[in-house]
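Contents: one structure, followed by commentary.
The sequence lines fix the lettering, A, B, ..., with proteins before strands; numbering per chain opens at 1. The figures here come from the full heavy-atom set of this structure, side chains too, leaving out hydrogens, waters and symmetry mates. Worth saying up front: this structure is predicted, and the values here are computed from it rather than measured.
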Amino acid sequence: SQQGEEDPQALSIQEGENATMNCSYKTSINNLQWYRQNSGRGLVHLILIRSNEREKHSGRLRVTLDTSKKSSSLLITASRAADTASYFCATLNAGGTSYGKLTFGQGTILTVHP
Amino acid sequence: NAGVTQTPKFQVLKTGQSMTLQCAQDMNHNSMYWYRQDPGMGLRLIYYSASEGTTDKGEVPNGYNVSRLNKREFSLRLESAAPSQTSVYFCGTGLYSPLHFGNGTRLTVT
């Protein structure tokens, strides 16, 4: 079963606008990660936020985590056409038999129009 | 992606045929993973190997076997391919997380 549910499934914006994607999950986590996938390629890690962190920044990326609501958001500011890709959240479950297992959401397809 | 190499890139099989997907990493990571990606389903874990000599089932292991040949290599075998195994297969590697992925093997079973 999928741990993460992402919203929206698809997002279409103009260059320069901000893009926000949301991820909800079901069980306690060790950390939550966001990945990007360009068409026909593998996933590339963008940013990781630990369960005891609430916000993290990396360049034009801002990630928030609300463990009480079991949700996270990824904000891409001042988007560019090159940001067009699919974005996935993934959770590393807390402890036990879930060691090392990343569970992925279904992804958000982002299209940025020049 | 640098560090994780998957072969082949594309493969077409007939139902009942067998094949092995290969994955090799030069990142000196202990953990290696096989995922499959289907439209609208995200990635689902098939098998993983926390270290050389160990393998464990993931979410969707049925119809697959794996071999952790050494620290660098982790192969995925389909003994008798079925149309339901048509998918894109990704190998990942990591030291805990995050994971680094190969570019995938696109498999079609007719």
Side-chain (B:Y48) to main-chain (A:L102) donor-acceptor, under 3.5 angstrom: no
Determine yes or no for a side-chain-to-main-chain donor-acceptor pair under 3.5 angstrom, with A:Y35 supplying the side chain and B:P98 the backbone.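 Side chain of A:Y35 to backbone of B:P98, a donor-acceptor pair under 3.5 Å: no, none is there.
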Evaluate whether atom CZ of A:R60 has more than 12 neighbouring non-hydrogen atoms of other residues, nucleotides or ligands under 6.0 angstrom away.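 More than 12 heavy atoms, drawn from other residues, nucleotides or ligands, come within 6.0 Å of this atom.
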Any chance CD1 of A:I109 has more than 12 other-residue heavy atoms, nucleotides or ligands included, within less than 6.0 Å? no
With sequence neighbours left out, write down each residue that passes side-chain hydrogen bond (donor to acceptor under 3.5 Å, both in side chains) with B:T110, or none if nothing qualifies.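 Expected list: none.
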Okay, A:Q37 and chain B: the region with an atom under 4.5 Å from a heavy atom over there is side chain
Same apolar cluster (I L V M F W Y, side chains within < 4.5 Å links), B:F90/B:L107: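 Different clusters.
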By the disulfide bond (SG atoms under 2.5 Å apart) test, which pairs, at least two apart or in different chains, include something from residues 28-68 of chain B?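 Of all non-adjacent pairs touching residues 28-68 of chain B, none passes disulfide bond (SG atoms under 2.5 Å apart).
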Heavy-atom cut-off 4.5 Å, strictly under: side chain, backbone, both or neither for B:Q37 against chain A?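 Answer is side chain: those atoms of B:Q37 sit under 4.5 Å from chain A.
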For B:N103 and A:R41, which heavy atoms make the closest approach, and how far apart are they?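 Smallest heavy-atom distance, with atoms named: OD1-NE, 3.2 Å.
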